[in-house]
Amino acid sequence: MSAAAVSVIICTRNGWSRGFLDDTLQSLLAQSWPAQEILLIDDASSDGTAAYVRQAYPQVTVLPNAGKGLAAARNTGVAAVRSAWVAFIDDDDIWRPEKLAEQLSQAQASETPDAVVWASQIATLRSDAGAPAPWATPRQFASWPACLLGSPIQPSGVLLSKKLLSRMGPFNEQIREGAAYDYWIRCLSAGMSIRYSTNILLHYRQHHPQMTAPARKLEHFLNIDAIVAPYLERLAPALAKRVRCARLLNNLRSLLGHTGISAAVRYWRASMPRPAPGLRSVCYFLLDTIACRAPHSRRYALRQRAMQVLIGKETPVPEPRTERSGHPM
């Protein structure tokens, strides 16, 4: 097994008929550092996805998942990989050609590569827009317990060592939505760290049918609240209250901005408990709201300051310099 060999896991259900799967697979095959293997985990597609991929992409290994869900599909893939490194991608996203090469170079320069989740900086692709737009990297969430405020990573951009995956165990198959977010929380709470790529390596596609589309925000927030709740119990009561209040305020802001007052009211009624926000939670929320509207150059500093107000002093995740990295050795 080569130390720089990578297995790529792509999970899909009816990916062929959705119209983005070819772009995704072609981006995997165009990597400047080729993957040792590409595993497509077919979660009981009914549109002929598995047969199409077998015929059109003989380089790709297709494995069945029998409709068990996304977390189980990722576990199926992890159990089958033969490489020291594992990367995930959804069936509608696109990698830049240097994605694997840059992340492997980062990992090989690290003293503790097996204790790091290697994450990509991202640009978004919208079905109603043109060129990919850079997306502010959520570094403010890339530590424990700041990660309980939001996910620091898109799964399609990660590179993980097989050793880390073995240590942390499988994705939780009881979670139907947000199992990857739960996994990042588990990693950070266990002492792992997150490091972002120097360059944008992932084009993350946004379109209506996604789990996190605006029309589903209310359901999505309630599902994520249920994931976060057990982790809040690990915190000191005062900190847990502040984080819970901050999540409530953030989610209400998002619902009011994207889906309207009716969804916000329903979320408020469904959210229990609802502790009264204290001064630090309110200050965090105001600073974070200002950051949402601030120029990109100031946004991270404002959000990091907001997180320090809420949680306390912590070591920030540095912003990398923009440069090109070479191929891994």
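Starting from 1, each residue takes its place in the sequence as its number.
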Distance-only check: which donor-acceptor pairs under 3.5 Å involve side-chain atoms of residues 110-118, not counting sequence neighbours?
{"residue": "Ser110", "atom": "OG", "partner": "Thr112", "partner atom": "N", "Å": "3.0"}
{"residue": "Asp114", "atom": "OD1", "partner": "Ser161", "partner atom": "OG", "Å": "3.1"}
{"residue": "Trp118", "atom": "NE1", "partner": "Pro113", "partner atom": "O", "Å": "3.3"}

### Summary
To the nearest 0.5 Å, atom CD of Glu37 lies from atom OG of Ser83 at 4.5 Å
### Nonpolar side-chain network containing Ile261, other nodes, edges under 4.5 Å
Leu256, Val265
Validation: residues 53-74 side-chain donor-acceptor distances under 3.5 Å, sequence neighbours left out:
{"residue": "Tyr57", "atom": "OH", "partner": "Asp22", "partner atom": "OD1", "Å": "2.5"}
{"residue": "Tyr57", "atom": "OH", "partner": "Gln26", "partner atom": "NE2", "Å": "3.4"}
{"residue": "Asn65", "atom": "OD1", "partner": "Thr76", "partner atom": "OG1", "Å": "2.9"}
{"residue": "Asn65", "atom": "ND2", "partner": "Asp43", "partner atom": "OD1", "Å": "2.6"}
{"residue": "Asn65", "atom": "ND2", "partner": "Gly69", "partner atom": "O", "Å": "3.2"}
{"residue": "Arg74", "atom": "NH2", "partner": "Asp90", "partner atom": "OD1", "Å": "3.4"}

### Message
I'd like to know if the side chain of Ser254 and the backbone of Asn250 have a donor-acceptor N/O pair within less than 3.5 Å.
### Response
no
## Note on the structure
Taken in chain and number order and not counting sequence neighbours, the residues that satisfy ring pair (Phe, Tyr, Trp, His ring centres under 6.0 Å) with Tyr183 are Phe171
### Query
Looking at Gln121 and Thr137, what are the two nearest heavy atoms and their distance?
OE1-OG1, 3.1 Å
### salt bridge (charged side-chain N to carboxylate O under 4.0 Å, His left out): pairs with one or both residues in residues 270-285, sequence neighbours excluded
none
### Side chain Ser7, main chain Val86, donor-acceptor under 3.5 Å
no
### Query
When you measure from the side chain of Ser156 to the backbone N and O of Ile89, does any donor-acceptor pair fall under 3.5 Å?
no
### Query
Among Ser281, Pro145, Cys283, which one satisfies side chain to side chain contact (heavy atoms under 4.5 Å, CB included) with Leu310?
Ser281
### Task
Please check if Ile9 and Trp184 belong to a single hydrophobic cluster, counting links between Ile, Leu, Val, Met, Phe, Trp and Tyr side chain heavy atoms closer than 4.5 Å.
yes
### Query
Does Ile122 offer a backbone N or O that forms a donor-acceptor pair with the side chain of Gln154 under 3.5 Å?
no
### Message
How long is the straight-line distance from CH2 of Trp95 back to CG of Asp23, given to the nearest 0.5 Å?
### Response
15.0 Å
### Query
About how many Å separate CZ of Phe221 and OG1 of Thr259, when rounded to the nearest 0.5 Å?
8.0 Å
### Task
Check step by step if side-chain hydrogen bond (donor to acceptor under 3.5 Å, both in side chains) holds for Asp47 and Thr49.
CA-CA 6 Å; Asp47 65 347; Thr49 291; 2.6 Å; yes
#### Entry: Partner residues of Tyr267 under the side chain to side chain donor-acceptor pair (under 3.5 Å) criterion, sequence neighbours left out
Asp225, Asn251
### Task
Output every pair passing salt bridge (charged side-chain N to carboxylate O under 4.0 Å, His left out) with a member in residues 249-271, not counting sequence neighbours, ordered by first then second residue.
Arg253-Asp288
#### Entry: Distance, nearest 0.5 Å, that separates CG of Asp91 from CZ of Arg205
10.0 Å
### Task
Begin from the C-alpha positions of Asn199 and Glu98 and carry the test side-chain hydrogen bond (donor to acceptor under 3.5 Å, both in side chains) through to its verdict.
CA-CA 9 Å; Asn199 301 293; Glu98 64 274 17; 5.8 Å; no
### Query
For Leu286, which residues count as a side-chain contact (heavy atoms from CB on, under 4.5 Å) partner, sequence neighbours excluded?
Val282
### Message
Give me the atom names and distance for the closest heavy-atom approach of Ile153 to Ile194.
### Response
CD1-CD1, 3.5 Å
### Message
Going by the rule ring pair (Phe, Tyr, Trp, His ring centres under 6.0 Å), which residues pair with Trp16 if we only count those two or more places apart in sequence or in a different chain?
### Response
Tyr52
### Query
Which salt bridge (charged side-chain N to carboxylate O under 4.0 Å, His left out) pairs, counting each pair once, include a residue from residues 290-301, with sequence neighbours left out?
none
### Query
Is the Lys NZ or Arg CZ of Arg242 less than 6.0 Å from the centre of Tyr284's six-membered ring, within 45° of the axis?
no
### Summary
CD1 of Ile175 to CD1 of Ile227, rounded to nearest 0.5 Å, is 4.5 Å
### Query
Angle class for the Tyr231/Trp144 ring planes (parallel below 30°, perpendicular above 60°, tilted otherwise)?
perpendicular
### Set of ring pair (Phe, Tyr, Trp, His ring centres under 6.0 Å) partners for Trp268, sequence neighbours left out
none
### Message
Given 3.5 Å as the limit, does a donor-acceptor pair link the side chain of Gln36 with the main chain of Ala5, or not?
### Response
no
### Task
Compare every heavy atom of Ser120 with every heavy atom of Leu202, then report the nearest pair and how far apart it is.
CB-CB, 4.1 Å
### Non-neighbouring partners of Pro237 that pass side-chain contact (heavy atoms from CB on, under 4.5 Å), sequence neighbours left out
none
### Task
Grab the two heavy atoms, one from Gln103 and one from Leu201, that are nearest each other, plus how far apart they are.
CG-CD1, 3.8 Å
### Task
Rounded to the nearest 0.5 Å, what's the gap from CD1 on Ile224 to CG on Leu148? Could you check?
12.0 Å
